[in-house]
Amino acid sequence: MKRVYIYEGFERFWHWTQAILIIFLAFTGFEVHGSYSFFGYENAVVYHRIAGWTLVGLYVFAAFWHFATGEVKQYIPTFKFMKAQLDYYIFGIFRNAPHPVKKNRLSKLNPLQKITYFSLMVIIIPLMMITGLLYYYYRVPQATTVNPLNISNLHVISFWHVLGAYFLVMFLIGHLYLITTGHTVLTNLKAMITGWEDIEEEEGEEETSNQENNKENN
Amino acid sequence: MRRTYLIFTVIGLIIVWAVYVLQTPYVGPSKLDQLKEKYSAPRPKKAVDHSKFAVLQKKFKTPQEVTKACLSCHNEVDKEIIGTPHFRWERPVYLENRGVAYLGKGDIINNFCIGVQDNEGSCAKCHAGYGMNRTPTAFDTVAYDIDCLVCHDNSNTYLKGANMGGYPDKSVDLGVVARSVGRPTRDDCGVCHFFGGGGNNVKHGDLEKAMFHPTRDVDVHMADAGPNLQCVDCHKTEHHNISGRLISIESQQAGHFGCEECHTAEPHESEILNEHTYKVACQTCHIPEYAKVNSVNIHWDWSTAGKLDKNGKPYMVEDSLGDHIYKSIKGTFTYGRHVKPQYFWFNGKVSNHYVLGDKVPKGDTVVVMNPIEGSYQDIHSKIYPMRIHTTIQPFDPVTRLIIQPHLWAPKKGEGAYWKDFNWQTAAATGMKHVGLPFSGKLGWIETKMYWPINHMVSPKEKSLQCTDCHTNNGSRLASLTDFYLPGRDNNTWLDTLGVIFIILTILGVLGHGALRLYFYKKNNS
C-alpha cells in the first residue's frame, strides 16, 4: 500500500463545486418542471439561472485547466481493459478480487470511467448547456424589439433539457454508489477530498497494464 | 507560494461573481414611485369657474337652452361632438370583408337588449343628445340637441329620464347642473357605462356601480383613498374623442391603449416578470377576478320571457342576493360574483363583428358576435383576460338572420314586446323597421360575446402568483394549449420513462451493494 497524490487542488475544487451546482440545479430545475414546490416558483427560476451561469463559468476554467495541463487526455475513451473492468463489477468485486486497472497520477480513470465521463462532457453537459442557454435566451418574439432568437415553441428545448436532467440524476446515483467500490468503502471519497489515495501495490499483469497506460498518456 | 496565488485567485473570482449576481443596480426612483408622487400631489385648481358666468345665471326651461348657452362660448365644439361615437353611436372603420363601414349601435347586434334600432326612445337614456324619440332624430338635426350635461355635470344631480328619448328627468334643475360643469367624473361616465345592457353590471363585469367609489381591493387606481383616478385620467381625450374603445363594437386596434402608457412595458423590478410582458397582458395577472362587489350577468335567455302573472301583468323574480333571475320582459338571467376571467390570445383585432342582416351559416348553433383574433404564434398577441357572455336570442331559422325585435314603445298595440309580449309582432315590426325580411317563423339561437377585462385592477399583493399558471394542477391557462408552458406542461412519456429509469438505477445499486455485503460477510466468516 502506498499513498499517491491523485487529484490536484483545482481538480478537487472543480469536482465539488460542480457536484454542488449540479445537485442544486437538479433540485431547482425539477421545481420549475412542476415536480414539487420548495423554494417557490420564481425563486427556483432565479436560483436555477444563477447556478446555471456559475456552472458555465466553472466549465470555462475547467476546460482551460484540462487543456493547459494536458489532463484532458485522461478522458479519451479506450476499450482496453474495459471488459476486465466490467467483469470486476459483475464478478470480481464479490470475490474481493483486486481492481483490474490500477490508478496513478498519470492514469486516474478506469476505462468505464473514461467512457462515462467522456460521454458526460461531450454529450450530456453540452446538451444541458445548449438547451439551457436556448431556454434562457429564448425570447418570445415581440414586435418592437430585436430578439436574439426566435424560437416558436419551448417544447423541443424543454424536452432535451429534461431528458439530460434525467440522465444526470441517473449518473449521480450510479456515481455515488461506485464511490464506495474503492479499496475500502471510503477510499475514493477521501481521495477526492484530500487528493491522496492509498493504492494497492501488486506485482503482475495489472502493473504492466498500468505501465502501458502510462505510455499512452505520456 | 503557487498554492497561495491559486487560492487567492479563486476567492477573488468568487467575490467578483457574488458582487455581480447579488448587486441591485441603483436606477433612481421606480416608475411606480414616480406615478405615486405624481398622483399624490394636489390637483391644480380650475382656471375657470362656470358658476360665475353670467350666461348661466338663469332658469333654463329646456335642456337645449343650456346647450345654446354652452355653445355661446364654446362656439365650435358642436362640430366635434356631432362626429363622436358618443353622439353618433357609430364610427367609420375599414374592414377587409366590408370595406369602409360605419359600425355602431345602429347595426351591431349585442348580447343584451339585442339592438337599438326601433327602440331609440328607451335606449336614448344613454345618448349624449336629446330628441331621439321623434323623427327626424337628433342624429339628423341641430347642434342644440347635444347633451353637454350628461358628461360634464359636476353637481351629481343630472339624470336622464326613463324612456324620454334622451331628455333629462323632470326633477333636474338645469341651472344648478349648468353652473357646476367641469371635467367628467366617474359619476358622469358611470351612470351610463356601469348600467349598460339594462342594469348594473349586466354588460362589463369590471364596470359597475361599486366603481363610483371603489375600495383599494376593488380597484387600486380609482380608490378614493388612493390615486382616485377618474375615467378620463386614463381614457385621454382629444377634441372629445375618447381613447380606449372596447371590442364589443370596436373593430380596429386604433382606439386602444394600455397600462403601458403610464407604467411602461417593463414595469417590474424583477426581470423575470418583465419578460412576461412580451406575451402576457398586464390585466391577466393584475385582475385575478371581476364582479368583485355586485353580481355580473353571465347568461341571458330571452326565450323564457313573456310569462305573466295571474293578472296578466309582467313580473320579476329576485334571488337571495337581490339579482333579478327572471323578468317577464327579458327572460332568465344567470349571475356570477368574484368570477375568474377566461384567458385568450388576443391581438386587439375583431375584424368580423356580426352585423344586423348577416346570414348565420347553415349548421352554426352558436354565433360569435365579436370573434377575437390571436394565437401564440402571432407576435402581436398577448394573453388577455376575458369574460364570455352568452345569450339565447330570437332568430329567424328560414332567413337565418338574428332578429332585431321592436322591444320598446310608449304604449301597447305598437308591436313592442315589452308592452304586448308577442314575439311574432315584435319581430315583424322590428325587422320591418330596419328593412330586413322576416319569414314569420321565430326560433332561438345562442350568441356569444368576448368582453376583455380591463378594470378592477387589484393591489399587487393580490395579483396572480407564478403557480396560478405554472402548475399542472388547475392552471389558469389550462385552456391555452398551443404553446409549452414550464411547470404546466411536460412530456408524459419522458417523465414516466425518466422516473422508471431512476428507480431502476436505485434498485440496481442497492442490489449490487446488497450482494457485495452478502459476499463480504460470507468470505469473512
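Numbers restart at 1 for each chain; the letters A, B, ... are given by sequence-line order, proteins then strands. This is a predicted model, so every value here is computed, not measured.
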Cut-off 4.5 Å, heavy atoms of chain B, and the answer for A:V46 is both
Turns out that what part of B:L13 lies under 4.5 Å from chain A's heavy atoms comes down to side chain
If one checks every heavy atom of A:S35 against chain B at 4.5 Å, the contacting part turns out to be neither
Applying a strict 4.5 Å limit to non-hydrogen atoms, the region of A:F167 in contact with chain B is neither
Most contact-rich option vs chain A, by heavy-atom pairs under 4.5 angstrom, among B:L494, B:D489, B:T505, is B:L494
**Message:** For A:Y177 and B:H512, take the angle between the two ring planes, folded into 0 to 90°, and tell me which bin it lands in: parallel under 30, tilted 30 to 60, perpendicular over 60.
**Reply:** perpendicular
Quiz item: Would you call the rings of A:Y88 and A:H99 parallel, tilted or perpendicular, where under 30° means parallel and over 60° means perpendicular?
Solution: tilted
Applying a strict 4.5 Å limit to non-hydrogen atoms, the region of A:S37 in contact with chain B is neither
Indicate yes or no for a side-chain donor-acceptor contact from A:E31 to the backbone of A:G40 under 3.5 Å, with no hydrogens or angles considered.
yes
Counting heavy-atom pairs under 4.5 angstrom with chain A, the leader among B:T467, B:N472, B:I272 is B:I272
Looking only at A:V169, A:I93, A:L178, the option with the highest number of non-hydrogen pairs under 4.5 Å against chain B is A:I93
CD1 of B:I287 to CG of B:N454, rounded to nearest 0.5 Å, is 6.0 Å
Next on the checklist: Taking the side chain as everything from C-beta on, heavy atoms only, tell me whether B:F257 gets closer than 4.5 Å to B:K236.
Outcome noted: no
Checked B:I502, B:N491, B:I506 vs chain A; the most non-hydrogen pairs under 4.5 Å come from B:I502
- Query: In terms of ring plane angle, is the pair A:F30 and A:H33 parallel, tilted or perpendicular, where the classes change at 30° and 60°?
  - Reply: perpendicular
Looking only at heavy atoms, the pair that brings B:V499 and A:Y166 closest together is N-CE2, 4.1 Å
Cut-off 4.5 Å, heavy atoms of chain A, and the answer for B:N473 is neither
